[in-house]
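All values below were derived from every heavy atom in this structure, side-chain atoms included, with hydrogens, water molecules and symmetry-related copies excluded. Convention: sequence-line order gives letters A, B, ...; per-chain numbering from 1.
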Number of protein chains: 2
Amino acid sequence: MSISPPTLNRLCLYLRSLKRLQEDGVQQISSQKLAERFHLSAAQIRKDLAHFGAFGVRGVGYQVDELIPTLTSILRLDRRYRVVVVGMGNLGRAFASHPGFNRGPFVVVAGVDSDPAKIGETVNDFVVRDSQFLEEVTRESGAEIGVLTVPAHGAQENYERLAKAGVKGVLNFAPTRIRTIPGVPLKDVDLRIYLEELAYYLPFDDS
Amino acid sequence: MSISPPTLNRLCLYLRSLKRLQEDGVQQISSQKLAERFHLSAAQIRKDLAHFGAFGVRGVGYQVDELIPTLTSILRLDRRYRVVVVGMGNLGRAFASHPGFNRGPFVVVAGVDSDPAKIGETVNDFVVRDSQFLEEVTRESGAEIGVLTVPAHGAQENYERLAKAGVKGVLNFAPTRIRTIPGVPLKDVDLRIYLEELAYYLPFDDS
DNA sequence: ATGACCATGTGAAGAGTGTCACAAGCAGGG
DNA sequence: CCCTGCTTGTGACACTCTTCACATGGTCAT
């Protein structure tokens, strides 16, 4: 069963919203209430969920405690993913030390950098290694996901090295288009473009 | 003239690609070559550009040196945007000190944090101030864009304080849905969801 | 047990986006 | 001057995604 990208994105949001509700002690919720609470569309929620079967109860809504494991399973978040970070600058460190990324299914198990000043530093539970040993570090740590927080000119090479070392997917923060290798999906995240997009929607004034 | 979100995103990519070509000394380029070089769609490039007028020359292609200022103007990147960062953790520092964000149209002019250990630190060209003074800091620095790199529970409050202090748009990294105020557009960037989306597309194996 | 109520699940309509193929048009050489 | 070759700009098509409205089918009170 395949999920379209926009649906996938929303399912992640639903899961997070449901977890928030669970923390607040909410047992069951209707699509209407869920939509109001998190600024979503009620019909969309129902359609997205119904795509995988009937999880709700008519007249009542959805059981929070049942829906969370179901969504977690659908999104394949019911297992651990080991992550290796390439480039331990501020952004790389944000990934390695932010509790939001290191809690739950994703665990940053290793990090490398080419800057001698950073090599040897202890960041989270690991010591930063030399980029030169990226392949060994990746294999030893058993990382399945690579995060590229390196300058644009080094992104392609590091992607390929990660792929060869057995990584199954790469999240790229470098502002460049990477040629992908079949079997090693890539997701681009371009922080500068987000700023540029936001700038376009700023209320226009002639200052 | 309004631009749809996907088109806007691509225009930013085109602009970046063209700048790369300009650095390489390329004078003119066809949509075909541009598409090959940066893994885009030739027809899409032409359609996106033609939406704003005829910039190309039939039989030749597009003049790099002419197209760059045109795109820059369309995207409203021909001016400076002052940015204030709320939350000077690793992610906030990445924004403030990364040359990719501080070069070009975006300049981080101020940053605040609630952690006493961080207040007073010099990050880029500015000193981190107490979050308590967010409004004053924003007004004094004349910031037009706010970046939220705070925990989820503080995001809504800080968005509203930024809005009241005169910020014209907010880029939110907190994993929560913010209720927007008319006239102050918000763009959400959720790093955890990017990991989750990537995880879904990982080649499946039964390890 | 029965009826009123309520929320889901879903087919159909509508909007938006991407792809394709081709006519229009410019450059350069003969 | 004319013809060939190349690339743009564009209208039509196909596809995806979203929204809407309603029938289906449970729950709860009486």
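- Applying the 4.0 Å criterion to OP1 and OP2 of C/dA7, one finds that A/S31 has every side-chain N and O outside that range.
- Straight-line distance from the CZ atom of A/R58 to the C1' atom of D/dC22: 11 Å, rounded to whole Å.
- To the nearest angstrom, P of C/dT8 lies 12 Å from OH of A/Y14.
- The two residues A/F126 and A/V109 have their closest heavy-atom pair at CB-O, 3.7 Å.
- A residue-by-residue look at B/H51 and A/A43 shows that B/H51 has its nearest nucleotide of DNA chain D further toward the 5' end.
- When the side-chain nitrogen and oxygen atoms of A/R10 are compared with OP1 and OP2 of D/dC17, none of them lie within a distance under 4.0 Å.
- A/L49 places its CG atom 9 Å from the P atom of C/dT8, with the value rounded to the nearest Å.
- Note: CG (A/L34) to P (C/dA7) measures 13 Å, nearest angstrom.
- Counting non-hydrogen atoms under 4.0 angstrom, A/T7 reaches nothing in the nucleic acid.
- Of the residues near DNA chain D, A/G59 and A/P6, the one whose nearest nucleotide (by heavy atom distance) lies more toward the 5' end is A/P6.
- Rounded to whole Å, the distance from NZ on B/K33 to C1' on D/dT8 is 14 Å.
- Listed pair B/Q44 / C/dT19 meets the phosphate criterion, a side-chain N or O lying under 4.0 Å from OP1 or OP2.
- Between the CG atom in B/L77 and the CG atom in B/L15 there is a gap of 6.5 Å [rounded to 0.5 Å].
- One atom, CZ of A/F55, and another, P of D/dG26, lie 17 Å apart when rounded to the nearest Å.
- A salt bridge (Lys or Arg N to Asp or Glu O under 4.0 Å) with B/R129 holds for exactly one of B/E140, B/E136, B/E135; it is B/E140.
- Whole-Å rounding puts the A/Q32 CD to C/dC5 C1' distance at 16 Å.
- Scanning atom types as modelled, one donor and one acceptor separated by under 3.5 angstrom connect the side chain of B/K47 and the base of C/dT19.
- Between B/Y62 atom OH and D/dC6 atom P the separation is 18 Å, expressed in whole Å.
- A/F95 and A/F173 have their aromatic ring centers within a separation under 6.0 angstrom.
- For the salt bridge (Lys or Arg N to Asp or Glu O under 4.0 Å) test with A/E144, the passing option among A/R80, A/R76, A/R79, A/R139 is A/R79; the others fail.
- Close to D/dT18, at under 4.0 Å from its OP1 or OP2, lies no side-chain N or O of A/S41.
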